[in-house]
Amino acid sequence: MKAGGQARNSTAGNETRSSFSSRLGYVLAVAGSAVGLGNIWRFPYLAAKYGGGIFLLVYLILMLTFGYALIMSETALGRMTRRSPVGAFQAFGKSWHFRLGGWVNAIIPMLIVPYYCVIGGWVTKYLFEYLRGSTIMLADDNYFHGFIAESFGAEFWFLLFSVAVVLVLLAGVKHGVERVSKVMMPLLVILAIFVAGYAMTRPGALEGVKYFLIPNFANFSWMTVVAAMGQMFFSLSIAMGILYTYGSYMKKDVDIEKSTFQVEAFDTGIAMLAGLMVIPAVFAFSGGDPDALKAGPSLMFITIPKVFASMGFGTGAGLMFFLLVFMAALTSAISLAESGVSTFEDQLGWSRKACTLLMGAIIIILGSASALGFGVLDFVAPLGMSLLDFFDFLTNSLMMPVAALSTCLLVTRVVGLKKITEEVELSSRFKQKQIYAFMIKYLAPIFIIIILLSSMASVLGWISM
Ligand code: TRP
């Protein structure tokens, strides 16, 4: 009872749980948490690396089946219990299974936000360089690797970004930042359409458009599925407890199913736009070189500056682009950190300030490891990966499948489909009820287990990444 009771006056930090005022308000808030570096930075590099069109196809299928079922479940459970994940799980039982299920969900954002802030730091550095007009320098092939290998710089920009995140939380001006970012989001979409249009019309870029949009089964591997699934979790902010929390603020008359589709459509639209910005540019500026396609986390930072360097007003466009990405990254990092802070508040019962400082310490320790992992710490290579890739793999490919599985089990074994249906039908008819039931009962758990086994097999080196 105790943990649940504390969780009640949780995340909002006040006694009564506030709610989103309308469905639009809800969709905007969730879409705001969904759109971030995942769409602009992570999606294009994974799509480039894991097969282009075939990755996109697998991603779309997973999102419409799996992603849909999980978003529905997490939101409904959050709204039903009015609690964040640790509390929501314990609302149904007290044994260690429930504790574990809640905690796996709750810990994931705490492990993501440190490396998210490292990427945020890179974005800040690029923003600064565009301000100084270093457009040509940034477009150099070796610039980015030089920057991250030179540890002091990467650490400095990471710290700057992280301190901004912690200060916003301490000062309680989070909503102000979100409001600014909501205004900037549409601008980001417009600029991205423009840049994608420009990139796609460069000589040679059409090959990239084809590579990204047309599935080629020759490029398929198991890792395509593992990566697509991890990306779906990351981008839609599922399997990390976030949607329990959002659901807990949702009013009973909001149509859960409709808002789920809207969020998915919006999030995927932006990811595809980013793909069309980055991948054709790899073909236009690096001739579709397989090594360039496999660049991984650095891809955006290497190709996008080339696009800007080649166009008129490139410095202005680059400045604008990195400013908008910076805002998207900042708001996402704030929400991720906030979710950690509220878990600490609920579970440790400390003051908000102490919990924020604890989260800040975690960000700085784990984030510094990731930031320095390309420089002075590059000899630390768990599973042969850089530290940043390692944290990314640990959360997206190992922990999130476990978190998703615990939600499936909670729904099917404990809560029961009947209660979920009742919750969804409080506001509207549950149109995809049969499909939902099939997903959550059979397809999702079986699939998650296969994914988990393949991730482990790749860790052990049985299948290649
Ligand atoms: N979905 C976000 C992105 O694509 C990242 C993210 C994951 C997130 N979980 C979150 C953002 C929770 C805010 C809150 O970048």
Side-chain angles (χ1 to χ4, degrees), residues 11 26-47 59 63 67 70-71 74-75 78 84-85 104-120 122-123 161 165 168-169 174-175 177-178 181-182 184-185 188-189 192 227-249 260 263-275 297 300 324-343 359 363 388 391-392 394-397 399-400 403-404 407:
T11 6
Y26 177 78
V27 171
L28 284 179
V30 179
S33 99
V35 176
L37 290 172
N39 309 62
I40 303 157
W41 156 75
R42 203 170 184 277
F43 180 85
Y45 93 66
L46 288 173
Y59 183 83
M63 176 202 66
L70 275 166
I71 298 183
E74 293 192 12
T75 315
S84 334
V104 176
N105 276 279
I107 285 175
I108 292 170
M110 301 177 195
L111 293 179
I112 291 183
V113 67
Y115 78 80
Y116 205 90
C117 287
V118 174
I119 317 291
W122 297 350
V123 171
F161 188 87
V165 170
V168 167
L169 286 178
K174 183 175 147 254
H175 292 296
V177 176
E178 274 163 14
S181 139
K182 251 178 223 155
M184 293 179 92
M185 252 343 120
L188 177 62
V189 175
M229 171 119 141
Q231 172 60 16
M232 181 195 77
F233 290 148
F234 189 97
S235 188
L236 292 169
S237 322
I238 38 190
M240 55 182 98
I242 300 286
L243 295 174
Y244 282 88
T245 309
Y246 277 117
S248 74
Y249 296 131
T260 300
V263 168
E264 286 197 310
F266 188 69
D267 187 68
T268 307
I270 302 219
M272 288 186 64
L273 204 52
M300 176 180 107
L324 297 171
V325 175
F326 171 79
M327 284 307 295
L330 186 66
T331 45
S332 287
I334 292 170
S335 323
L336 279 162
E338 166 73 30
S339 111
V341 171
S342 56
T343 303
M359 190 65 235
I363 294 178
L388 190 147
F391 281 115
D392 190 73
L394 175 71
T395 46
N396 292 275
S397 302
M399 293 177 72
M400 290 192 209
T407 295

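Order of listing sets the numbers, starting from 1, for every ligand and every atom in it.
- Screening residues 231-247 for salt bridge (Lys or Arg N to Asp or Glu O under 4.0 Å), with sequence neighbours left out, gives no hits.
- In terms of the side-chain hydrogen bond (donor to acceptor under 3.5 Å, both in side chains) criterion, residue partners of N39 (sequence neighbours excluded) are, by chain and number, D267.
- With hydrogens and angles ignored, the 3.5 Å screen pairs no side-chain donor or acceptor of S332 with any backbone N or O of A329.
- Ligand 1 lies under 4.0 Å from heavy atoms of S33, A34, G36, L37, G38, N39, Y116, F234, S235, S237, M240, I242, S332, S335, L336.
- Side-chain contact check for T407 and Y244: at least one donor-acceptor pair (N or O, by modelled atom type) lies under 3.5 Å.
- Nearest heavy atom pair, residue F234 against residue M400, reads N-SD, 4.3 Å.
- In this structure Y45 satisfies the side-chain hydrogen bond (donor to acceptor under 3.5 Å, both in side chains) test with no other residue, sequence neighbours excluded.
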